S.K.: 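To start, I am sharing the structure in question, which I have written as structure tokens.
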Amino acid sequence: MRKHFGKLVVGILALSMTAALLTGCSSKKKDSSKWVIGTNAEFPPFEYISKADGVIDNYAGIDMELIKLIAEDNDKTVTINNMEFDSLIISLNNKQVDACIAGMTVTDERKEEVDFSTPYYVATQVMIVNEGSDIEKATDMKDKTIAVVQGYTGETVVKELGYEYEAFKKGTEAIEELKNKKCDVVVIDSATAAAYLNENKGLAIVEDKDAFSSEEYAIAVKKGDKETLDAINKSIEKFKEDGTIDKLAEKYAEAGSTAE
Ligand code: ARG
């Protein structure tokens with residue numbers, strides 16, 4: 001009797017260990033109530049780090065508020081994975097994140113790698129110069145020292161114009177370069193340029209509608225992830241229609257917080 005009882009105990013132990021192992025595994029499974037969102041929080045007014053007015057942790061900006069609303073609309077909670085802009089598309093394909101919101105322009109090249117949501121914002125490239133600069137249109141950059149941010153559409157545009165440029169890791173680095181007169185012009189997205197001007201004296205924005213066409217920002221998901229894309233699109237359409245997105249853009253137009 002004693003002997004059998006011992007076997008039973010061993011048996012139960014073995015069973016519960018297996019169960020523990022199984023639960024251990026299943027807890028690693030994706031939590032469907034949570035979205036991990038990739039961004040590069042160096043792009044005011046869309047995403048930047050702010051101790052004062054963080055929306056998700058310390059992250060603030062149009063995109064951060066928007067993705068929080070979209071997530072809530074879909075009964076999800078959001079975690080931000082802040083990384084280099086160039087890593088965002090890779091992180092989607094590695095399944096490190098569920099979606100990326102980063103003031104990301106829809107381009108044919110990127111469309112080959114990810115799926116884009118309905119666009120939620122229209123921007124254009126502009127030139128930031130020091131006040132008093134003689135740059136009035138894009139072709140005036142021909143013999144000037146041009147700064148762009150690596151991997152941004154601004155880099156593509158300058159490349160297509162056939163001009164030489166220096167690519168910086170962050171917008172703020174390019175702006176410092178301009179302020180120190182080490183370059184003549186920074187090519188970057190319009191709303192971000194406006195945010196930098198709010199924070200820095202002595203700079204001016206030069207537009208050239210003929211040279212720079214409009215760009216649409218959209219949220220990127222892994223190619224074929226229809227479930228996430230549909231959920232996001234449904235909310236974007238709702239927030240476009242009811243004026244939520246316009247209000248967010250207005251609210252942050254004045255913010256001008258620096259991305260650091
Ligand atoms: N709109 C530009 C692009 O798609 C710049 C976006 C930069 N965004 C950022 N979060 N750093 O290339």
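All residue numbers in this chain count up from 1 along the given sequence. As the structure lists them, so they are numbered: ligands from 1, and atoms in each ligand from 1. Nothing here was measured: the structure is a model prediction, and the numbers come from that model. Computation of the quantities below employed the complete heavy-atom set of this structure, encompassing side-chain atoms and omitting hydrogens, waters and symmetry-equivalent molecules.
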S.K.: Do the side-chain N and O atoms of Thr192 and Asp189 include a donor-acceptor pair separated by under 3.5 angstrom?
M.R.: no
S.K.: Suppose the criterion is salt bridge (Lys or Arg N to Asp or Glu O under 4.0 Å): which pairs have a residue in residues 59-73, not counting sequence neighbours?
M.R.: Glu65-Lys251, Asp73-Lys238
S.K.: Let me know which protein residues bring a heavy atom to under 4.0 Å of ligand 1; chain then number is fine for ordering.
M.R.: Asn40, Phe43, Glu47, Phe85, Ala102, Gly103, Met104, Thr105, Arg110, Gly151, Tyr152, Thr153, Asp189, Tyr217
S.K.: Do Thr124 and Glu207 have side-chain N/O donor and acceptor atoms under 3.5 Å apart?
M.R.: no
S.K.: Taking atom types as modelled, is there a side-chain donor on Thr118 or Glu237 under 3.5 Å from an acceptor on the other?
M.R.: yes
S.K.: Is a donor from one side chain sitting under 3.5 angstrom from an acceptor on the other, for Gln150 and Glu155?
M.R.: no
S.K.: Hey, what do you get for CD1 (Ile175) to NZ (Lys179), rounding to the nearest 0.5 Å?
M.R.: 8.5 Å
